[in-house]
Colleague: 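Below is the structure I would like to discuss, written out as structure tokens.
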Amino acid sequence: MNTYNFKWIFSAFDCRVDEDGMQDVVTTVHWRYNGTTEDGISAGIYGAQSVGTPTPDAFTPYPELNEEQVIGWMESTLDVTAMQTNIAEQIELIINPINVTLPPPFKNNLLSL
């Protein structure tokens, strides 16, 4: 049984320039979620997740956002357990593939057409 290290990576944030007097309000987070075994085998998934509009008293200005806060948004809206299972299954198929692509077992003369 493998042990996995999971990590969030955030590539971009779609923002509304002005929303009820708040500037650069995040509307969508573009993310990757990667898993890596202790042997360095990795796989991942990616997506974009909409986030709700904050109230002015719960708003964090864009330059003050931190990774932990954004991870909290993702983990409160996405099924992280299912994501981890998906990544573990991808890695298992890398380690123990069930399908392979092989070349023809004969000479293939593509120039004779």
Side-chain angles (χ1 to χ4, degrees):
M1 182 84 166
N2 285 307
T3 302
Y4 302 93
N5 179 31
F6 294 100
K7 177 157 182 55
W8 288 98
I9 300 165
F10 302 106
S11 58
F13 298 88
D14 295 340
C15 299
R16 191 166 328 280
V17 174
D18 185 80
E19 179 84 21
D20 295 328
M22 299 174 285
Q23 279 71 50
D24 297 331
V25 177
V26 176
T27 57
T28 305
V29 177
H30 298 265
W31 55 267
R32 286 192 73 81
Y33 192 61
N34 291 342
T36 305
T37 67
E38 62 273 3
D39 297 329
I41 301 168
S42 64
I45 55 178
Y46 62 92
Q49 180 63 36
S50 295
V51 294
T53 302
T55 59
D57 54 317
F59 176 66
T60 302
Y62 185 80
E64 296 175 21
L65 287 177
N66 61 54
E67 185 178 32
E68 292 76 26
Q69 183 175 10
V70 178
I71 288 171
W73 294 347
M74 297 302 96
E75 292 183 348
S76 70
T77 56
L78 297 170
D79 186 345
V80 176
T81 300
M83 292 165 56
Q84 291 175 345
T85 299
N86 177 295
I87 292 168
E89 290 170 351
Q90 288 181 56
I91 290 173
E92 191 57 36
L93 286 172
I94 292 169
I95 296 169
N96 300 299
I98 58 173
N99 294 306
V100 295
T101 300
L102 301 173
F106 50 84
K107 183 178 178 183
N108 192 359
N109 189 354
L110 295 176
L111 298 177
S112 66
L113 298 176

Colleague: Would you compute the distance between atom OG1 of Thr37 and atom CD1 of Ile91 and round it to the nearest 0.5 angstrom?
Modeller: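 Spacing of OG1 (Thr37) from CD1 (Ile91) equals 6.0 Å.
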Colleague: Taking it one step at a time, do Val80 and Phe6 satisfy side-chain contact (heavy atoms from CB on, under 4.5 Å)?
Modeller: CA-CA 10 Å; Val80 176; Phe6 294 100; over 6 Å; no
Colleague: Nearest 0.5 Å, please: how far is CG in Asp39 from OG1 in Thr3?
Modeller: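 One finds 9.5 Å between OG1 of Thr3 and CG of Asp39.
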Colleague: Kindly give the heavy-atom pair with the smallest separation between Pro97 and Ile94, and that separation in Å.
Modeller: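 Here Pro97 and Ile94 meet closest at CD-O, 3.8 Å.
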Colleague: Clusters formed by hydrophobic residues whose side-chain heavy atoms approach within less than 4.5 Å: which one holds Val100, and what are its other members?
Modeller: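 Cluster partners of Val100: Leu102.
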Colleague: With Gln69, which residues qualify under side-chain hydrogen bond (donor to acceptor under 3.5 Å, both in side chains), at least two apart?
Modeller: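 Gln69 satisfies side-chain hydrogen bond (donor to acceptor under 3.5 Å, both in side chains) with Thr60 only.
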Colleague: Between Tyr33 and Trp8, what is the ring plane arrangement, given parallel below 30°, perpendicular above 60°, and tilted in between?
Modeller: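 Taking Trp8 first and then Tyr33, their aromatic rings sit tilted (interplane angle of 30° to 60°).
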Colleague: List the atom of Thr28, the atom of Ser50, and the distance in Å for their closest heavy-atom pair.
Modeller: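 Of all heavy-atom pairs spanning Thr28 and Ser50, the closest is OG1-OG, 4.1 Å.
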Colleague: I need the Glu67 CD to Ile9 CD1 distance, nearest 0.5 Å.
Modeller: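 Those atoms lie 9.5 Å apart.
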Colleague: Could you go step by step and tell me if Ile45 and Gln90 meet the side-chain contact (heavy atoms from CB on, under 4.5 Å) rule?
Modeller: CA-CA 10 Å; Ile45 55 178; Gln90 288 181 56; 3.5 Å; yes
Colleague: Which atom names give the shortest non-hydrogen contact between Ile87 and Ala43, and what distance separates them?
Modeller: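 That closest heavy-atom pairing would be CG2-O, 3.7 Å.
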Colleague: Which heavy atom in Val51 sits nearest to a heavy atom in Val29, and how many Å separate them?
Modeller: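 For Val51 and Val29, the tightest heavy-atom pair comes out as CG1-CG2, 4.2 Å.
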Colleague: Are Tyr62 and Val70 connected in a single hydrophobic cluster, I mean Ile/Leu/Val/Met/Phe/Trp/Tyr linked by side-chain heavy atoms less than 4.5 Å apart?
Modeller: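 Yes, it is one cluster - the side chains of Val70 and Tyr62 are joined through contacts under 4.5 Å.
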Colleague: Does a donor on one side chain and an acceptor on the other come within less than 3.5 Å for Asp57 and Thr55?
Modeller: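 Yes, a side-chain donor-acceptor pair sits under 3.5 Å.
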Colleague: Show the numbers, then the answer: is there a side-chain contact (heavy atoms from CB on, under 4.5 Å) between Met83 and Asp79?
Modeller: CA-CA 6 Å; Met83 292 165 56; Asp79 186 345; 5.6 Å; no
Colleague: For a quick test of reading the model, state the closest non-hydrogen atom pair linking Phe59 to Pro54 and the distance between them.
Modeller: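 So the two residues come closest at CD1-CG, 3.6 Å.
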Colleague: For the hydrophobic clusters of this structure (ILVMFWY residues joined by side-chain heavy atoms under 4.5 Å, transitively), does one cluster hold both Leu78 and Phe10?
Modeller: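 They do share one cluster, since a chain of ILVMFWY contacts under 4.5 Å joins Leu78 to Phe10.
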Colleague: Output the distance between atom CZ (Arg16) and atom OG1 (Thr53), rounded to the nearest 0.5 Å.
Modeller: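 Separation between the atoms: 6.0 Å.
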Colleague: Identify the heavy atoms of His30 and Ala48 that sit nearest to each other, and give their distance.
Modeller: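 Taking every non-hydrogen atom into account, ND1-CB, 3.7 Å.
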Colleague: Would you say that Cys15 contacts Val26 through its side chain, given a criterion of any heavy-atom pair below 4.5 Å between the two side chains?
Modeller: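 Sidechains of Val26 and Cys15: in contact.
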Colleague: With distance as the sole test, does Thr36 use its side chain to make a donor-acceptor pair with the main-chain N or O of Ser42 at under 3.5 Å?
Modeller: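 No.
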Colleague: Does one hydrophobic cluster hold both Tyr4 and Trp31, with members joined at side-chain heavy-atom distances below 4.5 Å?
Modeller: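 Yes, Tyr4 connects to Trp31 through the hydrophobic network.
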